[in-house]
Protein chains: 2
Amino acid sequence: MITVKHVAQAAGVSPGTVSNALTGKRPVSPKTRSRIFQAIEELGYKPNLLARSLVNRRSHTIAIVTSEVEQFGPARILSGIDEQAEELGYSLLLTLMRNPAEEDVEQTITNLVARGVDGIIWAVHQVGNNRRWFTAERRKELPPIAFVTMEPKPGMAIVNTDNRAGAKMAVQHLISRERRVIGHIAGPLDWWEARERLHGWRATLADAGLENSDDLLVKGNWSAESGEAGLRQLLERRPDMDGIFLGNDQMAIGALQAAHRLGYAIPGDLALVGFDNIPESRYFWPPLTTIHQGLFEIGRVALQTIHDAIEESGASGERHITIQPELIVRESS
Amino acid sequence: MITVKHVAQAAGVSPGTVSNALTGKRPVSPKTRSRIFQAIEELGYKPNLLARSLVNRRSHTIAIVTSEVEQFGPARILSGIDEQAEELGYSLLLTLMRNPAEEDVEQTITNLVARGVDGIIWAVHQVGNNRRWFTAERRKELPPIAFVTMEPKPGMAIVNTDNRAGAKMAVQHLISRERRVIGHIAGPLDWWEARERLHGWRATLADAGLENSDDLLVKGNWSAESGEAGLRQLLERRPDMDGIFLGNDQMAIGALQAAHRLGYAIPGDLALVGFDNIPESRYFWPPLTTIHQGLFEIGRVALQTIHDAIEESGASGERHITIQPELIVRESS
DNA sequence: TTGTACGCGTTATCAC
DNA sequence: GTGATAACGCGTACAA
């Protein structure tokens, strides 16, 4: 392995001077500088980032903790994080939590801190009490940390989607399509996002003077299976239902299949609106009207937020950023 | 920050002894041992993995380089890698290449080596000449590296799917369903996987004495759009086509939509078989017959392979592992 | 402008 | 079994 010492020797200078030439923090005369770089070139010297991190207390590494990366949402966010990370010169240390409800995160956190990450992006969905570990004292021992997808809380850096606004757009769209009995299949209600979308559904119907009783509500679990079962259940209870807002696109595709099997015409008998705008939704049959979240943007912003927090390390750290969703109208409504 | 020195002082021993107690590589007397661990507990000492990596020349970090992590395939592989990594105590350094055809990988490789990763999993699809950078000389300067999804080559560690076998199963299934004019929509032919699947289609038809001319072949680009366009084109050329094998499920969903719009009955008029078994494929309309790849398993095996190579660092490094795919029969055929 | 010496936190070697 | 000492590769005071 080639080190600064070798370069220094080859260039006939001291190691310190090589370092100065490399970092540019101290002036180096043009000719020694060129000698040094020539030696670097010839020897194929590459700085050891581990050693550099050790002395600089800066690893240019950001940890990203997420779950269910096979889902479109987390994957898209990850993609956005990566793009911004590359732009700002960070590498990404990835940790996948198999279960988002996991409350015991000590081991994960300890590992990340021990590896000297400069910051952490916590992109695990808020489920149940899985944020309990992040206390005020805890915060002191940790590098800057940004949370993706959770409810606003004082003193925390948070980036999320306006889920209520998205639900509102979905329901208002159904109303504009002359639907008057509008059901909802929600995600699991221990998920913050599911509760927000449910709330948006309820509030919008109430504002419009339409029914929003529990009779029109079914609780799913984000899966297509639960969307299928949910729709059957709702139609049994309420054959008069003519519109439905699904908590996500996965449940929507299940519901679409149930509707086909039951012989319902879409959108004639029943109009559907999903949430997420997964790439496939455009090719559902019929193509699905849905709510687009700016997930890539959320990823970028989250990384930028962490970067800012790292730079101005004295700051309070509180920042809440909300990305507005968008209605995508297709043939299912 | 608490270091070994603090612990040593608190326990009344030398730093070296603390290290010995921690790693267990040298014997430590029971009572000093317990004193040390008590001090560790009280001070909340956490070893600095950066420093440890520096001296040990072992970071317990494995780099994973991939692209298009929003696609099911790469994401699923990543998931498998992560599971095995956790089991073996590795952390993952993730690099996303925006363009899989990218041939200039110097910067990425340099960064990973500089960060002292113990091994690399190269999970970028083989496209065009994007493996050219990996030469015999190059190999000497790099830690162990395993390639996912590429053609077998001497001296390399490779984990992949038997794409030809998968294609064969798909076509044989269509034949068993009494189809005699079987088309294919291929992925971009600069992709190795696309070529393999195409080859499987051709060979199986030839073996069965059925037509496999270019008239029955269209080149897509993996996207649903291209599946839609491809099917229209094929049906225009060959109205007698009664079966079709799609290079992946994305193109299949596009083809399904085109078939609906053209008024074709599935599978009555036309039977479809896809490739990948993405989660949504079960909910396409009708549910899609497809080929399941063991992608999670591929990820696990790739990491295990790297781990083995790291442990026995003198080995040649050549190992080719092929995972067999599986036919999933649903209602589209 | 450049060289020297030390420190980052840890482990390994060699004495004792 | 334990304690000094050196070393991993680099950055940075301080001195020259």
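This structure is a prediction, so every number in the text was calculated from the model and none was measured. Each chain gets a letter, A, B and so on, in the order the sequences are listed, and its residues count up from 1.
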[X] side-chain proximity, nearest of [options]:
X     : options               : result
A:V4  : D:dC10, C:dG9, D:dG11 : D:dC10
B:A51 : D:dG11, C:dG9, C:dA12 : C:dG9
B:L54 : C:dG9, D:dG11, C:dT10 : C:dG9

Return the value, rounded to whole Å, for the distance between atom [atom1] of [X] and atom [atom2] of [N].
X      : N      : atom1 : atom2 : answer
A:I40  : D:dC10 : CD1   : P     : 10 Å
B:H6   : C:dT10 : NE2   : C1'   : 14 Å
B:R115 : D:dC8  : CZ    : P     : 22 Å
B:N56  : D:dA7  : CG    : P     : 17 Å
A:L50  : C:dG9  : CG    : C1'   : 12 Å
A:R57  : D:dG9  : CZ    : P     : 20 Å
B:L49  : C:dT10 : CG    : C1'   : 10 Å
B:N20  : C:dC14 : CG    : C1'   : 13 Å

Exercise. Can you establish whether the number of heavy atoms outside B:E41 located under 6.0 Å from its atom CD is more than 12?
Key: no
Name the nucleic acid region contacted by [X], choosing base, sugar-phosphate or nothing; use a 4.0 angstrom heavy-atom cut-off, strictly under.
X     : result
A:T3  : sugar-phosphate
B:V13 : sugar-phosphate
A:P15 : nothing
B:T23 : sugar-phosphate

With a 4.5 Å heavy-atom cut-off, do [X] and [Y] have their side chains touching?
X      : Y      : answer
A:K25  : A:N20  : no
A:E193 : A:Q126 : no
B:F134 : B:M156 : yes
A:L92  : B:L93  : no
A:D162 : A:I323 : no
B:I121 : B:I81  : yes

Self-check item: Stretch residues 26-38 of chain B: residues that reach within less than 4.0 Å of DNA chain D through a heavy atom
Solution: B:P27, B:V28, B:S29, B:T32
Under 4.0 angstrom between [X] side-chain N/O and [N] OP1 or OP2:
X     : N      : result
B:K5  : C:dG9  : no
B:T17 : D:dG3  : yes
A:K25 : D:dG11 : no
A:S14 : C:dG3  : yes

Self-check item: Residues A:E318 and A:K153 bridged, charged N to O under 4.0 Å
Solution: no
Quiz item: Want to settle it: does A:N48 or B:G12 sit nearer the 5' end of DNA chain D, counting the closest nucleotide to each?
Solution: B:G12
